[in-house]
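One structure below.
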Amino acid sequence: MSLLIGTWNVNSIKMRREHVEKLLQEKSIDILALQETKVETEKFPNLIFKKLGYEVYHYGGKGRNGVAILSKFKAEDIINGFKGLKEEDQFPDVKERIIGIKISSEKIKELWIFSIYIPNGSPVNSDYYFYKLQFLWKFREFLETNFSRNFSLILMGDFNVAPEEIDVYDSEIWRENICFTERERKAFKILLDFGLVDALRLKYSNKSGIFTWWDYQFSAFNKNQGMRLDHILITESLVNKLQNIWVEKSARGWKKPSDHAPVLAEFNF
DNA sequence: ATGACTGGAGTTTCCAGA
């Protein structure tokens, strides 16, 4: 069976609700991870998506952050935040940044799917910056506590890190910019070393100019001056099931768009 | 005009985003 999944930082579900509906229906998406819903848990438009046939798993706070998963499969288990870590490691906004569900079906056996929103961390070297680095390290610890590399895991979301030089439009200009500093890229690599593969690079190993975010300013989208910050990370057991993966760039060109485009991936189970 | 950011909070202007 074919499974179409995706991730999208929508920059407010209130502003982008119709965009999400359009994407779900036009592409017949099975599971969509959302970030920056920017609404409190109970104010998410659950009913709208339930009418379209999706289960809704969301946690959010007032005004910022917020992660959701819209799924045609019912969750057998849910993780929200850094499950299993000590009390002092429960960062104040971690529940608004990490949500995961376990699904199973006749063909799919115990697949965990996460929606992730890593802190932005700007400006570089600020308290926020070091919070971001800590968050990335702690996230690796969270994975080790709950899973192993032998699990079937799909971690998707806005990681706020452009991993390689080809993931920014001009690596010299962006060298010391937030999302592309050495320390952020190193922390991202350490995360991958858990046993994760950057799914887009399985299909487009050396292609430059593939971005998922473009600044609202400076006509950045028209000039394709962006960064690849949104990722679908998978464990080894899913690698040979990946059929296709792409950035749905068209959505960045819709009226009143999010500054991120969705990343979609098709698996065959 | 030859350039121009957006969303949310909460009150007219600031903060955060990347």
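These figures come from a predicted structure and were not determined experimentally. Reminder, nothing fancy here: chain letters follow the sequence lines and each chain counts from 1.
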Measure from the side-chain heavy atoms of [X] and tell me the nearest of [options].
X	options	answer
A/K256	B/dG7, B/dC5, B/dA18	B/dG7
A/N160	B/dA18, B/dA9, B/dT6	B/dA18
A/M15	B/dA18, B/dA16, B/dG8	B/dG8

With [atom1] as the reference atom in both, quote the distance from [N] to [M] in angstrom, rounded to an integer.
N	M	atom1	value
B/dT2	B/dT6	C1'	23 Å
B/dT11	B/dC15	C1'	14 Å
B/dA18	B/dC5	C1'	12 Å
B/dA1	B/dC14	C1'	27 Å
B/dA4	B/dG8	P	24 Å

Quiz item: Is any NZ, NE, NH1 or NH2 atom of the basic residue among A/K189 and A/D193 found under 4.0 Å from an Asp or Glu carboxylate oxygen of the other?
Solution: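 A/D193 and A/K189: not salt-bridged.
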Exercise. Could you tell me whether A/K62 and A/E40 have a side-chain N and a carboxylate O separated by less than 4.0 Å?
Key: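 Salt bridge: no.
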Self-check item: Greater than 12 external heavy atoms within 6.0 Å of A/N206's CG
Solution: no
Exercise. For A/E18, look at atom CD and say whether over 12 heavy atoms of other residues, nucleotides or ligands are found less than 6.0 Å away.
Key: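 No, not enclosed.
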Nearest-Å distance for atom pair [atom1]/[atom2], residues [X] and [N]:
X	N	atom1	atom2	result
A/W214	B/dT6	CH2	P	16 Å
A/Y129	B/dA16	OH	C1'	18 Å
A/W213	B/dT6	CH2	P	13 Å
A/E40	B/dG7	CD	P	19 Å
A/N11	B/dG7	CG	P	6 Å
A/R17	B/dG7	CZ	P	16 Å

Quiz item: Do A/R140 and A/F194 meet the cation-pi criteria used here (NZ or CZ under 6.0 Å from the six-membered ring centre, within 45° of the axis)?
Solution: no
Distance below 4.0 Å between [X] side-chain N/O and [N] OP1 or OP2:
X	N	answer
A/N120	B/dA16	no
A/S12	B/dG8	yes
A/R16	B/dG7	yes
A/Y216	B/dG17	no
A/H260	B/dA18	yes
A/N9	B/dA18	yes

Just checking [X]: base, sugar-phosphate only, or nothing, at a heavy-atom cut-off of under 4.0 Å?
X	answer
A/D158	sugar-phosphate
A/F211	nothing
A/Y128	sugar-phosphate

Quiz item: So A/E36 and A/R64, salt bridge (Lys or Arg N to Asp or Glu O under 4.0 Å) or not? Walk me through it.
Solution: CA-CA 6 Å; A/E36 285 205 87; A/R64 62 175 63 117; over 6 Å; no
Quiz prompt | Residue mapping more 5' on DNA chain B - nearest nucleotide basis, A/M227 or A/Q217 | solution =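 Going by which nucleotide is closer to the 5' end, it is A/Q217.
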Quiz item: Which residue lies toward the 5' end of DNA chain B, A/K62 or A/P119, if each is placed at its nearest nucleotide?
Solution: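 Looking at DNA chain B, the more 5' nearest nucleotide goes with A/K62.
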